[in-house]
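Proteins get letters first, then strands, A, B, ... in listed order; numbering begins at 1 in each. Values reported hereafter were calculated over all heavy atoms of this structure, with side chains retained and with hydrogens, waters and symmetry mates removed.
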Protein chains: 2
Amino acid sequence: MNYELLLKENNLKITPQRLGILQLMHEAGHISIEELFASIKKQFSSISLATLYKNINAMLETSLIKEVKAPDIKARYEISKTPHAHLVCHVCGEFKDIHFDIARVAHTIADDNGYTIDDTSLIVSGICPKCQ
Amino acid sequence: MNYELLLKENNLKITPQRLGILQLMHEAGHISIEELFASIKKQFSSISLATLYKNINAMLETSLIKEVKAPDIKARYEISKTPHAHLVCHVCGEFKDIHFDIARVAHTIADDNGYTIDDTSLIVSGICPKCQ
DNA sequence: TAGTTAAAAGATAATAATTTTCTTTTAAGT
DNA sequence: ACTTAAAAGAAAATTATTATCTTTTAACTA
């Protein structure tokens, strides 16, 4: 995955910190601020939490990344890809991408109401087999 | 709507504050903490914000109410009803219930993965006709 | 390739949101 | 009415997020 291109396409300056954030986000699939901060500090020991928040916000604004929030679970961030659903265990926190095409459904809903879609989120939250 | 029964069914004590919260939530359809606090103070001028949070959390735990969070918009709370989608304008904040049956889709996803469902949320976020 | 500039990083302080603690009050069951 | 556990209210504490300011750096240009 070409993170430099991703940033460039979104008119964001390429910085080592941003590349590190995107790399970690990509490896994890989806990651919370806490986890991200703990991991990124291994590469940039003096990185500021403020920097992390500012970058997350900048990348959210351009939709380069996406926030996913499920009940009982801290928000997680992921690099935007084709819309998909999330299955979340609220006991152990397991977070799974589900390749279900939510775009069709979303378009039907939005069109019926004259809306333009910017984001669609389908989150199924429950208990995974291990936690039952 | 019988709020006393709702509370009783969920083993929560019936208090005037809780009845007020449920009433406002029902009238609004979905409401943020801020709005709720502003409104509930008209009835209970000395109600504490801590009380509001504690009650929201208690009612969330029993699933008597549900939290709905869309990008750029503060979390909103609603009395749990049959699962439905939400359409949100992130410009003016308009929040619309959509009577689309998301349960079927959710069950398919959950069953395929051995999950038990506790909650399903489909949020389509975009720009409403007025804000375009 | 150095020079310029606007943006980003980092440090810290400030603000906002949420939770905790403690005391007083009250709902609900004898 | 009496008892008890839970809820309310007030205030403080904690946590999350944002803002401010100075220093550093990416990106562009001469």
Side-chain angles (χ1 to χ4, degrees), chain A residues 2-25 31-62 64-65 67-77 93, chain B residues 2-25 31-62 64-65 67-77 93:
Chain A
N2 188 338
Y3 306 119
E4 303 209 358
L5 184 57
L6 271 186
L7 289 169
K8 209 168 271 175
E9 284 171 347
N10 286 278
N11 297 310
L12 294 169
K13 273 196 182 176
I14 295 163
T15 70
Q17 291 87 345
R18 284 177 178 173
L19 293 173
I21 290 169
L22 286 172
Q23 166 105 48
L24 288 169
M25 211 172 270
I31 192 166
S32 68
I33 293 274
E34 268 185 321
E35 292 163 347
L36 197 43
F37 189 54
S39 298
I40 195 83
K41 272 205 290 198
K42 291 173 193 160
Q43 278 181 73
F44 303 94
S45 56
S46 73
I47 195 173
S48 162
L49 190 51
T51 296
L52 182 54
Y53 272 106
K54 281 184 281 192
N55 281 329
I56 292 284
N57 285 334
M59 294 196 259
L60 281 173
E61 263 166 41
T62 67
L64 167 47
I65 65 172
E67 183 181 278
V68 188
K69 175 77 190 77
D72 303 326
I73 305 266
K74 299 213 157 135
R76 287 170 163 269
Y77 301 88
Chain B
N2 188 338
Y3 306 119
E4 304 209 357
L5 184 57
L6 272 185
L7 289 168
K8 210 169 269 177
E9 284 170 347
N10 286 277
N11 297 310
L12 294 169
K13 272 197 183 174
I14 296 163
T15 71
Q17 291 85 346
R18 283 178 179 171
L19 293 173
I21 290 169
L22 287 172
Q23 167 105 47
L24 287 169
M25 211 172 269
I31 191 166
S32 69
I33 293 274
E34 268 184 320
E35 292 163 347
L36 198 42
F37 189 54
S39 298
I40 196 81
K41 272 204 291 198
K42 290 173 192 160
Q43 276 182 74
F44 303 95
S45 56
S46 72
I47 196 173
S48 161
L49 190 50
T51 295
L52 181 53
Y53 273 107
K54 281 184 281 192
N55 281 329
I56 292 284
N57 286 335
M59 294 195 258
L60 281 173
E61 263 166 39
T62 67
L64 168 47
I65 64 171
E67 182 183 278
V68 188
K69 174 79 190 76
D72 303 327
I73 304 267
K74 300 215 156 133
R76 288 170 163 269
Y77 301 89

Query raised in the report: Residues from residues 9-21 of chain A sitting under 4.0 Å of DNA chain D, heavy atoms only?
Result: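 The stretch gives A/Lys13, A/Ile14, A/Pro16 as the residues lying under 4.0 Å from the strand, ordered by number.
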
Report task. Find which nucleotide of DNA chain C each of B/Lys8 and B/Glu34 is nearest to by heavy atoms, and output the residue with the more 5' nucleotide. Result -> B/Glu34

Is [X] touching bases, backbone alone, or none of the nucleic acid, heavy atoms closer than 4.0 Å?
| X | answer |
| --- | --- |
| A/Ser46 | sugar-phosphate |
| A/Lys74 | sugar-phosphate |
| A/Ile47 | sugar-phosphate |

Query - Nearest-0.5 Å distance, CG of residue A/Asn57 to OG1 of residue A/Thr62 - result: 11.0 Å

Requested in this report: Verify the contact: side-chain N or O of B/Tyr53 to OP1 or OP2 of C/dT18, cut-off strictly under 4.0 Å; return yes or no.
Outcome: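 The answer is yes; a side-chain N or O of B/Tyr53 sits under 4.0 Å from OP1 or OP2.
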
A side-chain contact here means heavy atoms from C-beta on lying under 4.5 Å apart; do [X] and [Y] qualify?
| X | Y | value |
| --- | --- | --- |
| B/Leu6 | B/Asn2 | no |
| A/Lys74 | A/Ile33 | no |
| A/Leu12 | A/Met59 | yes |
| A/Ile47 | A/Phe37 | yes |
| A/Glu67 | A/Leu60 | yes |

Query raised in the report: What's the NZ-C1' distance between B/Lys54 and C/dT19, to the nearest Å?
Result: 9 Å

Report task. Check the distance between C/dA16's C1' and B/Leu49's CG and give it to me in whole angstrom. Result ->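 The answer, rounded to whole Å, is 11 Å.
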
Report task. Sorted by first residue and then second, give each side-chain hydrogen bond (donor to acceptor under 3.5 Å, both in side chains) pair with at least one member in residues 31-50 of chain A; sequence neighbours left out. Result -> A/Ser32-A/Glu35, A/Glu35-A/Arg76

Requested in this report: Indicate yes or no for a side-chain donor-acceptor contact from A/Arg18 to the backbone of A/Lys13 under 3.5 Å, with no hydrogens or angles considered.
Outcome: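 Yes, A/Arg18 side chain to A/Lys13 backbone: donor-acceptor pair under 3.5 Å.
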
Query - For chain B, the stretch of DNA chain D it reaches, first to last nucleotide, under 4.0 Å of its heavy atoms - result: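 Counting from the 5' end, contacts occupy D/dA5 to D/dA11.
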
